[in-house]
Amino acid sequence: MDPASQDINLNSPNKGLGVDHSDTLSDVPVEGAVGNSAHPLPPGLTEEEAEELHTELTKVEEEIGTLRQVLSAKERHATELKRKLGLSPLNELRQNLTKSWQDVQTSNAYKKTQETLSQAGQKTSAALTTVGSAISKRLGDMRNSATFKSFEDKMGNLKYKVVGPRGSGDTVNSPTNTTPTQENPPF
């Protein structure tokens, strides 16, 4: 096997195989073909125009390749500069989020929403204060009612019957009558 005739392209399906390129089909003329192109010409396009377009396409593709190489080099250079400045992707993300949040806060929609929520909060607070006052007043009225006083008297009588009179020295320890001691310190 002659090393000069080996295909050294590692992506080629013929890599490492001794391939003789002298009898390829691309050199064989095809009957009825116009020019040497593999594709028929589109209607209304002459052979010269097609050749010019192919030439222009080749140039544009070469320019695209060059621009990709330049862009890649610029991106590597930018990455190196960021590394030297101590800018990490996390820091960039943090900066982007901070800037985005500041942009949101300065937007008209955010300001209007904030004002609306503030007003709603104030109205809710005022309403809850009013409800709380009404409940307190109602409980006060209820405590002063004859029904509640009658219930309170009955509960007092029941307590007197269960616990007994206070002040006689014979007190019964109940949960409401405990005094803190060293053994039971208050919380």
Side-chain angles (χ1 to χ4, degrees), residues 9-13 15 42 53 56-187:
N9 182 356
L10 298 179
N11 293 326
S12 170
K15 64 181 172 193
L53 291 175
E56 186 176 347
L57 176 63
T58 303
K59 288 179 184 178
V60 169
E61 287 176 343
E62 287 174 2
E63 289 175 3
I64 290 172
T66 303
L67 291 172
R68 283 187 179 140
Q69 290 174 351
V70 170
L71 178 62
S72 178
K74 294 283 186 183
E75 287 175 340
R76 283 192 302 272
H77 184 66
T79 302
E80 182 65 22
L81 291 174
K82 287 177 184 179
R83 186 189 60 77
K84 287 180 180 178
L85 289 171
L87 299 175
S88 67
L90 182 61
N91 288 341
E92 286 185 54
L93 178 63
R94 190 177 300 134
Q95 289 173 351
N96 288 343
L97 289 175
T98 302
K99 184 182 181 312
S100 296
W101 179 244
Q102 289 172 347
D103 291 345
V104 166
Q105 287 179 325
T106 58
S107 71
N108 289 335
Y110 179 83
K111 289 177 182 178
K112 287 179 182 178
T113 303
Q114 187 178 23
E115 290 172 9
T116 303
L117 290 176
S118 177
Q119 291 172 358
Q122 291 171 355
K123 289 179 181 180
T124 302
S125 176
L128 290 176
T129 301
T130 303
V131 169
S133 298
I135 290 174
S136 295
K137 183 178 183 292
R138 183 70 178 142
L139 288 175
D141 292 345
M142 192 172 78
R143 185 151 197 236
N144 293 330
S145 72
T147 306
F148 187 81
K149 289 199 180 278
S150 172
F151 178 74
E152 191 175 33
D153 290 341
K154 288 180 183 178
M155 291 306 290
N157 289 337
L158 181 62
K159 180 180 175 186
Y160 180 77
K161 289 179 183 177
V162 171
V163 175
R166 301 261 173 165
S168 64
D170 298 335
T171 59
V172 177
N173 284 336
S174 70
T176 58
N177 188 22
T178 57
T179 55
T181 63
Q182 290 299 79
E183 296 167 3
N184 288 333
F187 292 108

Kindly give the heavy-atom pair with the smallest separation between [X] and [Y], and that separation in Å.
X	Y	value
E152	R143	OE2-NH2, 3.5 Å
K111	T106	CE-O, 3.7 Å
L87	Q95	CD2-NE2, 4.3 Å

Review point. Is it true that atom CD of Q105 has more than 12 heavy atoms of other residues, nucleotides or ligands lying nearer than 6.0 Å?
Key: yes

**Study point:** Residues, nucleotides or ligands: over 12 heavy atoms within 6.0 Å of Y110 OH
**Key:** yes

Exercise for review: Indicate yes or no: does K137 engage D141 in a salt bridge with an N to O separation below 4.0 Å.
Suggested key: yes

If you round to the nearest 0.5 Å, how far is [atom2] of [Y] from [atom1] of [X]?
X	Y	atom1	atom2	value
L57	E62	CG	CD	10.0 Å
E61	K59	CD	NZ	13.5 Å
I64	L71	CD1	CG	13.0 Å
L158	D153	CG	CG	12.5 Å

Review point. What residues, two or more places apart in sequence or in another chain, satisfy salt bridge (Lys or Arg N to Asp or Glu O under 4.0 Å) together with R76?
Key: none

Revision key, fill the gap. Across all chains, not counting sequence neighbours, the salt bridge (Lys or Arg N to Asp or Glu O under 4.0 Å) partners of D103 are K99

Review point. Heavy atoms, side chains only, cut-off 4.5 Å: are R68 and S72 in contact?
Key: no

Test of understanding: with side chain to side chain contact (heavy atoms under 4.5 Å, CB included), list the residues that count as partners of [X], not counting sequence neighbours.
X	answer
L97	L93
E80	R83, K84
S88	L90, N91

**Study point:** side chain to side chain donor-acceptor pair (under 3.5 Å) contacts in which one or both residues fall within residues 116-134, not counting sequence neighbours
**Key:** none

Point to revise | Heavy-atom donor-acceptor pair, S136 side chain to G132 backbone, under 3.5 Å | key: yes

